[in-house]
Amino acid sequence: MALRVYNTFTGEKEIFVPLQPGKAGMYVCGVTVYDYCHIGHARANIVFDVIFRYLKYAGYDVTYVRNYTDIDDKIINRANQEGVDFRTIADRYIQAFDEDMDRLGLEKPTVEPKATDHIAGIIAIIETLVAKGHAYESEGDVYYAVETFPEYLKLSGRNLEEMLAGARVEIGEKKRNPMDFALWKGSKPGEPFWESPWGQGRPGWHIECSAMSMEFLGKTFDFHGGGKDLVFPHHENEIAQSEAANGCRFVRYWLHNGFVNINSEKMSKSLGNFFTIRTVLEKYDPETLRFFILSAHYRSPIDFSDQNLDDALSGLERIYSCLAALDEVLHANPASGDLPALETLPEAGLELHEKLLQAVPRFVEAMDDDFNTALALGVLFETVRATNRFLAETKEFGPVVIALLAHARHLFTETGTVLGLFGNNPAEWLEGIKAAKAVQVDISAEEIERLIVERAEARKAKDFKRGDEIRDLLLEKGIQLLDSAQGTTWNVK
RNA sequence: GGCGGCGUAGCCAAGUGGUAAGGCAGAGGUCUGCAAAACCUCUAUUCAGCGGUUCAAAUCCGCUCGCCGCCUCCA
C-alpha cells in the first residue's frame, strides 16, 4: 500500500501524492540559535530525519530544507547579556546544533538556510503583502492584517472572534487588530538591522520560513513539519503570509511531532524541566537516545526518564548482540548467493527464512503507515529472535546457512539506513557500552582480568568453591562473568 | 473558558470494526560443575468506567472519571 501521512490540516491520514511525480519537497522549522538544544529538539530533528530518509528509501528525489533562525529577540537579548554581537551568539549555537545533530546520527538536509541570508526575499514578500493590502506599516513596523485573510486559523481550527475575546491577547497600539502579527520590526538603537522600505529593522519570526521555503521549494510544496507547538501561531502565520502573497496553496501535508515529556509534563524552557542533548549524551549513548525516540510513534507524547532510557538501551543491546553474533559467523565464513531455497534449509532455518521474506514488506508497510517506527522496530525484534534461535540450534555453517545469515544481516543494514540505526560495528558498539558502564563500577578492568585468570586456574584445579567465590565477588561489584568455550568474558550488569 | 489529544500487562509501546505485535522487567525449563548469555515456555478472557450501535468493538457513538497539550516565546 502507498505511503499514508497524517495531515494536521485535515486531521486525517492521507495517501501521499507528490506535487511532482518522483519528487518530494520538505521544509522543517529549525531552531532559534540562542542556546543549546534540548531533547525536545532532538526528537523533532530525529523524527524528520527518519522521514527524510524514508522518503528517499521509497524512491523519491527529496529536497529537504531545514532553517536556522539566526535573528530574533532572544538572540539579541543573549548577545546583550554577554556584551557581544548577535552574530557571535548565532554562530556559536549553529555550531553547537550541528555537533549535536551529528552525534545523533542525523543526515544533512539538502539545504540549511539562515534567515539573515534571505533578507531580500523576506522584504519582497512583505512588499507584496503591503501592495495587496494584507499588511500595513505602522511606526517603522509592518504588521499582517489577519482580518484580510478569511482562512486565517484554518490549520489550528480556531476562531478569530473567540481568540479576540480571550483576555490574554495584549493590544499593541501599533496594531489595528490585536491578532495582527509583525512581519518587520523597526530596530531600536544598538540593535542589529537591515535597510528596508520601512526603515532600518529586522524580520519578524514567521516571515523567514515563508521566504526560505519559497526560495528552495517553490510557492507550493509537499511537506512542512515541526513540533506540535508550532501549529499556532507560527505555521498559521506562515500560511497567511505565503498564501496571501502567492495566491496559491502553500503546503500540501502538514506534519507535527509530539512532545518529549518529563513526568508526563511537557519539557520546556519556561518550565525549566529540560535536559540539553549534550547533558543527556554524557550519560547515554547517542544511538540509545535515537532508538528510544523511535520506539514510539512520532505524534505520541514520549516520557523521558532514566528508566525508559535504560530499557531502550537493553533493547538496543539485544539487537547489537545479535548482529555481533551474525558478524562473527559471517566474518569466518564468506557469504555468497541468494536467499536459499526452502527445501535446502535445515529445519531450524525455516522460520528465519520465512521471517526474512516478510521482514522488508512488513517494515515498509509500517513506515508507509504514517512513519510507524515503533511497529517497524517490532518487526526487527521478531527477526532478532528468529535469528538467535537459528544461531543457537545451528552447529554447521555450510553455504546455505551462511547465505541465510547474510540475508538476516543485510536486513538490519538496509532498515538501519532508514532509521539511522545499527550503523556502528556491533562488537565495537557493545564494547563501548561495556566500557561506559565499567566507568561507573568500583573495580578496574585489570583487576577483573586478574580475578578471571585466578578463577580459571581454580576451576581447572576443580576448586569450584574458590571459583564461585570470585564470581560472586565480581557480581557483587556489578560484574557478570560469561563463560564460553573460547574462555571467559565479562559484562557490567 | 475555547479547541485538541491521551488513558492497552509491573514498566514502555503497536494495534482505529473481525477476536490483543514487540521491547524491558519477572517466573519456570534447556544448557552449565554452579551460574551468566542464548534458546524454549509462561505472564492482559482483556484494552479507564458506564451505556449504545453491530453478527462482531480496544477500535464507531454518547456520557462519566483521570491525565496532558495549544490558546504567550517554544521542537
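Chain letters run A, B, ... following the sequence lines, proteins first and then strands; every chain starts at 1.
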Parallel, tilted or perpendicular: rings of Phe181(A) and Tyr144(A) (30°, 60°): parallel
Whether Tyr68(A) and Phe97(A) hold their rings parallel, tilted or perpendicular, with breakpoints at 30° and 60°: perpendicular
Give a yes or no on whether a donor-acceptor pair under 3.5 Å exists between the nucleobase atoms of [N], that is its base, and the side chain of [X].
X: Arg471(A); N: rC34(B); answer: yes
X: Asp468(A); N: rG33(B); answer: yes
X: Arg385(A); N: rG22(B); answer: no

Write down the partner of [N] under the Watson-Crick or G-U wobble criteria, each distance required to be under 3.5 Å.
N: rG18(B); answer: rC55(B)
N: rC39(B); answer: rG29(B)
N: rC24(B); answer: rG10(B)
N: rG1(B); answer: rC71(B)

Near-parallel close stack of Phe464(A) and rG33(B) base (under 5.5 Å, under 30°): yes
Nearest-angstrom distance, C1' atom, rC65(B) to rC12(B): 24 Å
Whole angstrom value for the distance that separates [atom2] of [N] from [atom1] of [X]:
X: Asn388(A); N: rA37(B); atom1: CG; atom2: P; result: 13 Å
X: Leu271(A); N: rC70(B); atom1: CG; atom2: C1'; result: 13 Å
X: Tyr298(A); N: rG5(B); atom1: OH; atom2: C1'; result: 14 Å

Nearest to the side chain of [X] - [options]?
X: Lys74(A); options: rA38(B), rC73(B), rC34(B); result: rC73(B)
X: Pro233(A); options: rC12(B), rA75(B), rC73(B); result: rC73(B)
X: Ala392(A); options: rA14(B), rC39(B), rG69(B); result: rC39(B)
X: Glu265(A); options: rC68(B), rG15(B), rC34(B); result: rC68(B)
X: Arg362(A); options: rA21(B), rC11(B), rC34(B); result: rA21(B)
X: Asp483(A); options: rC34(B), rC39(B), rA75(B); result: rC34(B)

Less than 4.0 angstrom from a charged side-chain N to a carboxylate O is my criterion; do [X] and [Y] meet it?
X: Asp35(A); Y: Lys74(A); answer: no
X: Lys283(A); Y: Asp310(A); answer: no
X: Arg290(A); Y: Glu287(A); answer: no
X: Glu82(A); Y: Arg92(A); answer: yes

Touch class at under 4.0 angstrom, heavy-atom based, for Arg455(A) against every strand present: base
Touch class at under 4.0 angstrom, heavy-atom based, for Arg43(A) against every strand present: nothing
Residue whose nearest RNA chain B nucleotide is more 5′ - Leu475(A) or Asp303(A): Asp303(A)
